[in-house]
Amino acid sequence: MRMSQLFYYPQKEMPKDVEAISHMLMLKSCMIERVASGIYNFLPLGFRVLKKIEDIIRREMLAIGAQEVLLPALHPSELWKITGRWDEYGEELFKLKDRHDRMMCLGPTHEEIITALVKAKINSYRQLPFMLFQIQTKFRDEPRPRFGIIRSREFIMKDLYSFHADEESLNEGYYRVYQAYKNIFDAIGLDYKIVEAESGPIGGDVSHEFVIIAESGEDEIAYCSSCTYSATTEKAEYKPVIVDDSEDLLPIEKVYTPGLKSVEEVSNYLNVPPSKLIKTIMIKADGRSIALLVRGDSEVNLKKVEELLGIKNVSLVEDSETSAPLGFVGPIGLEGIEIIADPEIKGVKNGVVGANEKDYHLKNVNIGRDFEPTRFLPIRRAKKGDLCPKCGGELVISKGIEAGHIFKLGTKYSEPMGAVFQTATGQLKPIIMGCYGIGVSRLVAASIEQNNDKNGIIWPRNIAPYEIYILPTDWTNETIRSFSEDLYNRLVQKGYEVLLDDRDERAGVKFMDADLLGIPIRITIGNRFIRSGIVELKNRRKTDVWEVPAEEIIDRLEGVF
RNA sequence: CGGGGCGUAGCGCAGUUGGGAGCGCGCCUGUUUCGGGUACAGGAGGUCGAAGGUUCGAGUCCUUUCGCCCCGACCA
């Protein structure tokens, strides 16, 4: 491709509200353009990257025996009503009417459509198992689109669905996809973690997220610095560490703390470290109230509470429903209420708690002497420096972008939709399903998040829009120009993807653009070539420059990638 | 959904007490420069988000509305 022909209009100035590096670089380098909130045009450079990522994904999907299909983006409401998700999915579902006033929606995911398809065609265990996938546009009316194409309302997703006669087959299929996903993320060259995750609105039992480590991520994950343990912070476990303050127990004291509710406020006012405060959080679950106690420097993890207590629909208690105003609730004098405490509070001596009275806290409170929790359970959110539950190593907390998510759905969709098959013994059973997604467009941005410097993008070769950037410093010079043209033709002939900067621009402009675009290899043809037939070879990722006799360039190329 | 902010040229922005629509980038023309976003000169380009109102007069004040962005939406 010749730069003079490329649809490429780099921008110097960026809106100040562009936050993610990837978003900024994609706009700057003319890869995408915003159409409306959370809606983007993919321009030639961005689209080439997208296609390369698609190709990698497609190759791996085909390799595990999945077959590619294309399902509609426009769905009739009926299917969504059968599974109940017409209402459950909520405002994120784009709903519309056709000319006959029939309700439709734009597909945010395709379980309903694919299950209906499978129901129509599959009757026997002999037809199982199999896998179908598609790469297609999804629509989700996100409450807050953000970070360019990282969280947009219309995006490209690869979704794969697997269909099985029994659990064993599902497990086998799940494992195969898991491996294929590893291949994909490796091929794209990403730093990622695989974590056990919540299954969310898609549902099902087991699920793993493929999370790309990046500052602009919206997920928080915890992983061990010495073993392979990793999980979302909601799921992450930790070894509680009981640090005994080993102080003499002091008599309890009521202190006036007007309007001071937060740990920070109380801790500053009383000049006591947050770790000496015991937070009391009131929750409701299945109609009963429960008090949760954690150290002031920790946060309660409600998902953990649900899991450990085996209850659902846990919610925080509203101000009006408690005996004491929120912010002043404490464990002492809570009659008839179950108290669940994190084991780490056992070590707190002479702690501070709410007094169950507006504007008062209690000092020098001691567990065992002044109150006794009903049970001790590790109910707080994992945090930096926690000990790994598997090996005792230190946990690291990182932000990340969810780029892949795989689920064992079981019969969540096949059962309500009646997608059944006949077993060898003649029984009818719902088909067991798995579903597996990758945010394809999101991966473009995620890769940039991990591969950039102050001058621009640094593409891994596998997904770079072009592999080689030929930079003639002076296009009006006949010697430089004819050599560049010739080199360009030879490289293209050999199958390389090449950008030839044939613009009549100053060298500086071309160097800036070459760096911004992040093409892996740059070949500079300038004064050195005119004087002594030397051209420069440079890898975008490295600072070294190889000076190579012009006739050797092609042979030397592969060594520089 | 709650809170805050912003809509003025393709992009980024300024516009004071109500009276002339401006600056930078980009774009066009010319000269100049030529290995890290050259310099200079000239030029094209805007129903000031929209509707209504106040006023002799509105980018500016009032009302309504649309769009966009940020923060929060579990930790007392």
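Just so it is clear, the values below take in all heavy atoms, side chains as well, and ignore hydrogens, waters and symmetry mates. Each chain gets a letter, A, B and so on, in the order the sequences are listed, and its residues count up from 1. Treat the numbers as computed from the prediction; the structure is a model and nothing was measured.
- Within 4.0 Å of Glu536(A), counting heavy atoms only, lies at least one base atom of the nucleic acid.
- At the heavy-atom level, Arg380(A) lies nowhere under 4.0 Å from the strands shown.
- Picking from G36(B), C34(B), C70(B) the nucleotide with the shortest atom distance to the side chain of Asp515(A) gives G36(B).
- Note on Lys399(A) versus Glu218(A): no salt bridge recorded, every NZ/NE/NH1/NH2 to OD/OE distance being 4.0 Å or above.
- Note on Glu88(A) versus Arg85(A): no salt bridge recorded, every NZ/NE/NH1/NH2 to OD/OE distance being 4.0 Å or above.
- Side-chain N/O atoms of Asn451(A) and Arg541(A) include a donor and acceptor closer than 3.5 Å.
- Of the candidates G35(B), G36(B), U33(B), G36(B) carries the atom nearest the Met512(A) side chain, counting heavy atoms from C-beta on.
- Glu338(A) and Thr374(A) are not linked by any side-chain donor-acceptor pair at a separation below 3.5 angstrom, with hydrogens and angles left out of the test.
- Contact annotation for Thr473(A): base contact, defined as any heavy-atom pair under 4.0 Å involving a base atom.
- If you check the side chains of His23(A) and Tyr40(A), you find a donor sitting under 3.5 Å from an acceptor.
- Residue Val509(A) has its side chain nearest to G37(B) when only G37(B), C34(B), C75(B) are considered.
- Shown here, C1(B) forms a base pair with G72(B); the pair counts as Watson-Crick or G-U wobble because both key distances fall under 3.5 Å.
- Closest contact between the side chain of Phe511(A) and the listed nucleotides G37(B), G35(B), C68(B) involves G35(B).
- In this structure, Asn527(A) reaches the bases: a heavy-atom distance under 4.0 Å links it to at least one base atom across the strands shown.
- Contacts of Thr524(A) with the nucleic acid, taken as non-hydrogen atoms under 4.0 Å apart, include base atoms.
- Note on Arg144(A): a base of the nucleic acid sits closer than 4.0 angstrom, heavy atoms only.
- Here A41(B) sits opposite U29(B) as a Watson-Crick or G-U wobble pair (both hydrogen-bonding atom distances under 3.5 Å).
- The closest side-chain donor-acceptor pair between Arg381(A) and Thr233(A) falls under 3.5 angstrom.
- The Arg34(A) side chain lies nearest to C68(B) when the options are C68(B), G37(B), C75(B).
- Base-pair partner of C6(B): G67(B) (Watson-Crick or G-U wobble, both distances under 3.5 Å).
- Proximity note for Arg506(A) (side chain, C-beta onward) versus C75(B), G35(B), C34(B): the nearest is C34(B).
- For Glu19(A), the listed nucleotide lying nearest its side chain is C70(B); candidates were C74(B), C70(B), C75(B).
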Heteroatom pairs (N/O) under 3.5 angstrom, protein to nucleotides 21-27 of chain B:
| from | atom 1 | to | atom 2 | distance (Å) |
| --- | --- | --- | --- | --- |
| G24(B) | N2 | Glu13(A) | OE1 | 2.6 |
| C25(B) | O3' | Lys12(A) | NZ | 3.4 |
| G26(B) | OP1 | Lys12(A) | NZ | 3.3 |

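- Checked against the 6.0 Å centroid criterion, the rings of Tyr223(A) and Tyr229(A) do not qualify as a close aromatic pair.
- Checked by distance alone, Arg522(A) brings a side-chain donor or acceptor within 3.5 Å of a matching partner on the base of G36(B).
- A 3.5 Å limit on both hydrogen-bonding distances identifies G53(B) as the Watson-Crick or G-U partner of C61(B).
- Side-chain contact annotation: Tyr469(A) with Asp513(A), donor-acceptor N/O pair under 3.5 Å absent.
- Side-chain atoms of Asn455(A) and base atoms of G36(B) include no donor and acceptor less than 3.5 Å apart.
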